[in-house]
Engineer: 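A single structure is presented below for examination.
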Amino acid sequence: MEFIRNELQETIRSSAVDFAQNYLKPRVEEIETAEQFPEDLFHIMADMGFLSLSYPEGYGGLGAGHLTLSMVLEEIARVSPSAATLLTVCLLPLDAIHLFGTEAQKQKYLVPGIQGAYRGSLAFTEPGTGSDPKQLTTVAKGGNGKYLISGTKRFISNAAYKGPIVVVARDEGADTCTAYIVEKFCKGYSLSKPWDKIGLHGSHVYDVFLDDVEVTEADILGGYGKGFDLLIGTTTYGKLAFSAVFTGIMDGAYDLAVKYAKEKLHRGSPISKFPSMQDKAARVAANTLSSRLMLYKAAEDADTITNDIRRVQASAALVKGYIADLAVETCTMALNMHASYGVTAEYQVERFLRDAVIAPNIEGSADIQRLIAGSYILKSAEHFL
């Protein structure tokens, strides 16, 4: 299958390249070391429409689809994976509200969120679980239209910014769970200092502590007891977005490795003359290209398959599991092409490797993603590929 960009996709992708090169590249070090992602850069991304790509025009979106969004995230991650990750985590709660929200909730949260009025969060992961809703210890107690949520959520992005946070909590006395829209910094909301991670230093995560946070019936997102359905739908598109980020990371490492091989001299000529360098360059290029093609196919599935979320979920899981592990392998190879220079911060490729190492462990572990995809493939009566 050949992916040829249409005029809209090429225009949007070109704007992402321009933003990455002219706005992000000069400030990469600042992004990586600042206590919070620079406010002005976030608003520029919002003003350029990067938050609105996959949402309908009726809510202020561009209606350009997940394939176009993947192209944009890839180009941004090619320069700053942290900036692309910030965009991705902002989209998670917007996806949840778009897919499962009432019309009132969409008007209240989706419309301003697309415009960059806030940075939302999605909170499912806890100290004791990252995948299994039945292990949730955060509980919503109450009834008759009013609930109190208590518990701890872990590794939550954007938790230090005002705006809504979609909290998934277990229903009291049941194995089901429900999603609620909570305003951050309401009574009972507090957070830890940011976690010190190996990579993606410009995208911060926190523990969120909920102590009898009060919500009402109007704050339920997707229906009472339907939290697992919401997670399936929302994280399906989250996996695609993160797959685009890590494809961009491979692309960024590829750029640096090729540049180094062409410029580093040995006895007056570039080291690109050595067969070992040519072999590594070919492997890095093949891995990056195969990831991009798999990503685009999965994104196309998300844009065209509208009546089978499980099929789209399996496609997204397959590509996320594949790209997550391949990103680590590819960035390691790109670093090795730099030899001893690769481990120095000055040559930057080590940053891409540190960012890539996170890939198999967020938005669903790579192992779990392969189980999701494999289970669907073996149960499906249709040919998957």
Side-chain angles (χ1 to χ4, degrees), residues 54-56 58-59 61 66 89-114 118 120-126 129-151 153 156 163-184 186 188-189 208 210 212-241 302 305-314 316-317 363-364 372 376:
S54 60
Y55 303 113
Y59 295 104
H66 293 279
V89 296
C90 285
L91 294 174
L92 284 171
L94 294 178
D95 283 340
I97 294 165
H98 171 233
L99 291 169
F100 298 95
T102 64
E103 185 59 30
Q105 289 170 336
K106 291 177 183 179
Q107 292 297 333
K108 183 177 181 179
Y109 296 109
L110 182 61
V111 172
I114 285 173
Y118 64 79
S121 303
L122 178 68
F124 171 76
T125 300
E126 295 183 357
T129 183
S131 301
D132 186 359
K134 292 185 178 182
Q135 293 189 58
L136 289 177
T137 58
T138 297
V139 178
K141 301 178 180 180
N144 299 319
K146 184 179 291 186
Y147 305 88
L148 296 176
I149 304 174
S150 294
K153 295 296 184 181
I156 307 304
I165 176 171
V166 177
V167 176
V168 181
R170 185 168 55 83
D171 303 322
E172 185 181 18
D175 286 335
T176 57
C177 58
T178 300
Y180 301 87
I181 303 176
V182 175
E183 287 291 341
K184 286 177 274 187
C186 64
Y189 180 97
V208 171
L210 305 165
D212 282 345
V213 169
E214 184 175 315
V215 291
T216 68
E217 200 82 27
D219 300 314
I220 292 177
L221 182 61
Y224 188 80
K226 302 294 184 182
F228 186 57
D229 293 336
L230 179 141
L231 285 169
I232 290 174
T234 302
T235 59
T236 290
Y237 300 108
K239 296 180 204 308
L240 275 179
I305 301 174
T306 58
N307 60 349
D308 188 355
I309 188 62
R310 292 288 185 174
R311 171 64 174 80
V312 179
Q313 181 198 31
E363 200 63 21
I372 291 172
Y376 181 90

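Every heavy atom of this structure was used, including side-chain atoms; hydrogens, water molecules and symmetry mates were not.
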Engineer: Could you walk me through whether Thr129 and Asp132 pass the side-chain hydrogen bond (donor to acceptor under 3.5 Å, both in side chains) test, one step at a time?
Structural biologist: CA-CA 6 Å; Thr129 183; Asp132 186 359; 5.7 Å; no
Engineer: What are the two closest heavy atoms between Phe228 and Pro133, and how far apart are they?
Structural biologist: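 Heavy-atom minimum between the residues: CD1-CG, 3.3 Å.
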Engineer: Any donor-acceptor pair under 3.5 Å linking the side chain of Asp229 with the backbone of Lys226?
Structural biologist: no
Engineer: Can you name the residues that form a side-chain hydrogen bond (donor to acceptor under 3.5 Å, both in side chains) with Lys106, not counting sequence neighbours?
Structural biologist: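 Partners of Lys106 under the side-chain hydrogen bond (donor to acceptor under 3.5 Å, both in side chains) test: none.
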Engineer: Checking Tyr237 against Leu92 for the side-chain contact (heavy atoms from CB on, under 4.5 Å) test, could you report, in this order, the C-alpha distance in whole Å, the side-chain angles of both residues, the deciding distance, and whether it holds?
Structural biologist: CA-CA 8 Å; Tyr237 300 108; Leu92 284 171; over 6 Å; no
Engineer: Tyr118 side chain to Tyr109 main-chain N or O, any donor-acceptor pair under 3.5 Å?
Structural biologist: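 Between the backbone of Tyr109 and the side chain of Tyr118 there is a qualifying donor-acceptor contact (under 3.5 Å).
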Engineer: Is the backbone of Ala104 close enough, under 3.5 Å, to the side chain of Gln107 for a donor and an acceptor to pair up by distance?
Structural biologist: no
Engineer: Is there a donor-acceptor pair closer than 3.5 Å between any side-chain N or O of Gln135 and the backbone N or O of Gly130?
Structural biologist: no
Engineer: Val213 and Tyr189: which non-hydrogen atoms are nearest, and at how many Å?
Structural biologist: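 Distance-wise, the nearest heavy atoms are CG2-N, 4.1 Å.
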Engineer: Could you pull out all donor-acceptor pairs under 3.5 Å where a side-chain atom in residues 165-182 meets a protein atom, sequence neighbours excluded?
Structural biologist:
{"from": "Arg170", "atom 1": "NE", "to": "Leu136", "atom 2": "O", "distance (Å)": "3.1"}
{"from": "Asp171", "atom 1": "OD1", "to": "Thr178", "atom 2": "OG1", "distance (Å)": "2.7"}
{"from": "Asp171", "atom 1": "OD2", "to": "Thr176", "atom 2": "OG1", "distance (Å)": "2.5"}
{"from": "Asp171", "atom 1": "OD2", "to": "Cys177", "atom 2": "N", "distance (Å)": "3.4"}
{"from": "Asp171", "atom 1": "OD2", "to": "Thr178", "atom 2": "OG1", "distance (Å)": "3.3"}
{"from": "Thr178", "atom 1": "OG1", "to": "Gly225", "atom 2": "N", "distance (Å)": "2.7"}

Engineer: At their closest point, which heavy atom of Lys184 faces which heavy atom of Ser121, and how far apart are they?
Structural biologist: NZ-OG, 3.1 Å
Engineer: Mind checking whether Tyr55 and Leu94 have side chains closer than 4.5 Å, heavy atoms only?
Structural biologist: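 Yes. Closest side-chain heavy atoms under 4.5 Å.
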Engineer: Any side-chain heavy atom of Arg310 within less than 4.5 Å of one from Ile232?
Structural biologist: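 The answer is yes; the side chains approach within 4.5 Å.
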Engineer: What is the minimum heavy-atom distance between Asp95 and Ser54, and which atoms define it?
Structural biologist: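 Shortest heavy-atom contact: OD1-OG, 4.4 Å.
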Engineer: Are the side chains of Ile305 and Asn307 in touch, meaning some heavy atoms are under 4.5 Å apart?
Structural biologist: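 Yes. Closest side-chain heavy atoms under 4.5 Å.
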Engineer: With a 3.5 Å distance limit and no angle check, can you tell me whether Gln313 reaches the backbone of Gly233 through a side-chain donor-acceptor pair?
Structural biologist: no
Engineer: Quick check for you: to the nearest 0.5 Å, what is the distance between Phe100 atom CZ and Thr234 atom OG1?
Structural biologist: 5.0 Å
Engineer: Can you list the steps and then say if Lys153 with Thr138 is a side-chain contact (heavy atoms from CB on, under 4.5 Å)?
Structural biologist: CA-CA 8 Å; Lys153 295 296 184 181; Thr138 297; 3.6 Å; yes
Engineer: Ignoring hydrogens, what is the shortest heavy-atom contact between Ile220 and Gly223? Give both atom names and the distance.
Structural biologist: CG2-C, 3.6 Å
Engineer: Side chains of Glu214 and Cys186, heavy atoms from C-beta outward: is any pair under 4.5 Å?
Structural biologist: no
Engineer: If I take atom CG from residue Leu148 and atom CG from residue Leu210, how far apart are they, to the nearest 0.5 angstrom?
Structural biologist: 11.5 Å
Engineer: Measuring from atom CZ of Arg311 to atom CD1 of Ile309, what distance do you get when rounded to the nearest 0.5 angstrom?
Structural biologist: 11.5 Å
Engineer: What closest approach, in Å, do Gly101 and Leu221 show between heavy atoms, and which atom pair accounts for it?
Structural biologist: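 Looking at all heavy atoms of both residues, the shortest contact is CA-CD1, 3.4 Å.
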Engineer: Tell me, please, which residues at least two apart from Lys239 pass salt bridge (Lys or Arg N to Asp or Glu O under 4.0 Å).
Structural biologist: none
Engineer: So, does Gln105 use its side chain to make a donor-acceptor pair with the main chain of Ala218 at under 3.5 Å?
Structural biologist: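 Answer holds: yes.
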